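What follows is a set of notes on a single structure, which appears directly below.
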There are 2 protein chains.
Amino acid sequence: MTDALDTVFAALADPTRRTILAMLLEDDMAVTDVAEPFDISLAAISKHLTILTRAGLISQDKRGRVKWCKLEPDAMRAASVWMQGFGQFTPVDLDDFEKFLEAELGD
Amino acid sequence: MTDALDTVFAALADPTRRTILAMLLEDDMAVTDVAEPFDISLAAISKHLTILTRAGLISQDKRGRVKWCKLEPDAMRAASVWMQGFGQFTPVDLDDFEKFLEAELGD
DNA sequence: ATTATCGTCAACCATTTGGTTGAATATACG
DNA sequence: CGTATATTCAACCAAATGGTTGACGATAAT
């Protein structure tokens with residue numbers, strides 16, 4: 001009885017994982033490159049990626065010895081719709097969102 | 001350095017808490033009445049309500065010996081905007097959402 | 001063939017989470 | 001006053017979470 005919303009919201013609750021998703025918004029990335037900006041072990045990043053994959057938020061495609069991570073934003077749709085049912089939030093200003101992302105990615 | 005998004009998404013990751021929010025969409029409720037449909041102890045519900053309060057998703061107003069719980073949907077705005085940055089999801093069909101809620105509330 | 005790189009696995013650890021029960025604190029009722 | 005109701009607190013427990021390290025299986029490079 002564990003809902004898809006459970007795993008999506010739980011995946012989004014961790015700041016490392018949200019940052020990873022924001023990174024993947026710019027481009028597909030190999031696991032090692034995803035890990036590079038973080039101060040935690042590669043194994044820890046690997047676990048985060050597994051959680052994101054199980055939530056459907058990313059997909060992983062192994063080509064040769066490198067595994068490419070790709071954002072799958074559709075997995076957010078149900079959760080997004082659920083939340084919007086609680087209020088009509090201001091329409092998304094994508095410029096604002098980009099500024100927000102730049103701040104969060106710290107560059 | 002624990003983000004507001006952390007606590008909001010974490011609060012939403014639990015199905016009991018999401019159901020409580022959906023219940024509060026219809027009306028403000030006392031703690032005991034919130035607990036009634038669930039098969040867990042009142043103390044457990046009290047903890048869930050504390051988590052929702054700390055996330056800002058509800059407020060609690062004690063009048064006499066009863067504590068009224070009120071939905072605070074504005075707390076979802078930042079999280080909703082964050083998610084929408086990942087894709088332009090279909091505009092919310094409120095009729096669909098109500099059907100969904102009825103199903104989730106099981107009545 | 002050897003060595004280096006990519007990524008996961010397994011075992012472990014500390015902390016958090018979601019639940020329990022029983023006692024405690026208010027407030028309301030008769 | 002004494003009792004019932006509403007809610008939280010405290011102590012406890014099992015399971016999940018996020019992290020570590022070291023070994024391991026692939027694949028690529030020299």
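This one's a predicted model, so the numbers in the text were calculated from it and none came from an experiment.
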Return the value, rounded to whole Å, for the distance between atom NZ of B:K47 and atom P of C:dT16.
-> 14 Å

Would you indicate, yes or no, if C:dT17 has its OP1 or OP2 atom less than 4.0 angstrom from a side-chain nitrogen or oxygen of B:H48?
-> no

From CA spacing to verdict: side chain to side chain contact (heavy atoms under 4.5 Å, CB included), A:V31, A:Q60 = CA-CA 9 Å; A:V31 174; A:Q60 291 181 287; 4.1 Å; yes

Please tell me if the side chains of B:K70 and B:M29 come closer than 4.5 Å, counting only heavy atoms from C-beta onward.
-> no

What is the distance, rounded to the nearest whole Å, between atom CD1 of B:I45 and atom C1' of C:dG19?
-> 11 Å

May I ask you to say what B:L42 touches in the nucleic acid, namely base, sugar-phosphate or nothing, with a heavy-atom cut-off under 4.0 Å?
-> base

Round to the nearest Å and state the distance from B:R17 atom CZ to C:dG18 atom C1'.
-> 8 Å

OP1, OP2 of C:dT8 versus side-chain N and O of A:S46: anything below 4.0 Å?
-> yes

Would you say the side chains of B:E36 and B:T32 form a donor-acceptor pair under 3.5 Å?
-> no

Can you get from A:I40 to A:I51 by hopping between Ile, Leu, Val, Met, Phe, Trp and Tyr side chains that sit under 4.5 Å apart?
-> no

Going by heavy atoms closer than 4.0 Å, what residues in residues 54-71 of chain A are next to DNA chain D?
-> A:G64, A:R65

If you find the nucleotide of DNA chain D closest to A:A10 and the one closest to B:D33, which residue's nucleotide is nearer the 5' end?
-> B:D33

Side-chain donor or acceptor of A:R17 paired with backbone N/O of A:A11 under 3.5 Å = yes

Where chain B begins and ends its contact with DNA chain D, read 5' to 3' at 4.0 Å from heavy atoms = D:dA4 to D:dA11

Joint hydrophobic cluster, B:L5 plus A:F38, side-chain heavy atoms closer than 4.5 Å | yes

Touch class at under 4.0 angstrom, heavy-atom based, for B:A43 against every strand present = base

Return yes if some donor-acceptor pair links the side-chain N/O of A:S46 with the main-chain N/O of A:L42 below 3.5 Å, else return no.
-> no

What is the distance, rounded to the nearest whole Å, between atom CG of A:L52 and atom P of C:dT8?
-> 12 Å

Keeping the roles fixed (side chain from B:S80, backbone from B:M76), state whether a donor-acceptor pair exists under 3.5 Å.
-> no

Test log, rule side chain to side chain contact (heavy atoms under 4.5 Å, CB included), inputs B:C69 and B:L49 = CA-CA 8 Å; B:C69 303; B:L49 292 173; 3.9 Å; yes

Rounded to 10 degrees, the angle between the two terminal axes of the helix from C:dG7-D:dC24 to C:dG30-D:dC1, each from five pairs | 30°

Could you pull out the closest heavy-atom pair between B:L12 and A:F9, with the gap in Å?
-> O-CD1, 3.4 Å

Test B:F86 against every option in A:D74, A:L57, A:L25, A:L24 by the side-chain contact (heavy atoms from CB on, under 4.5 Å) rule and name the one that passes.
-> A:L25

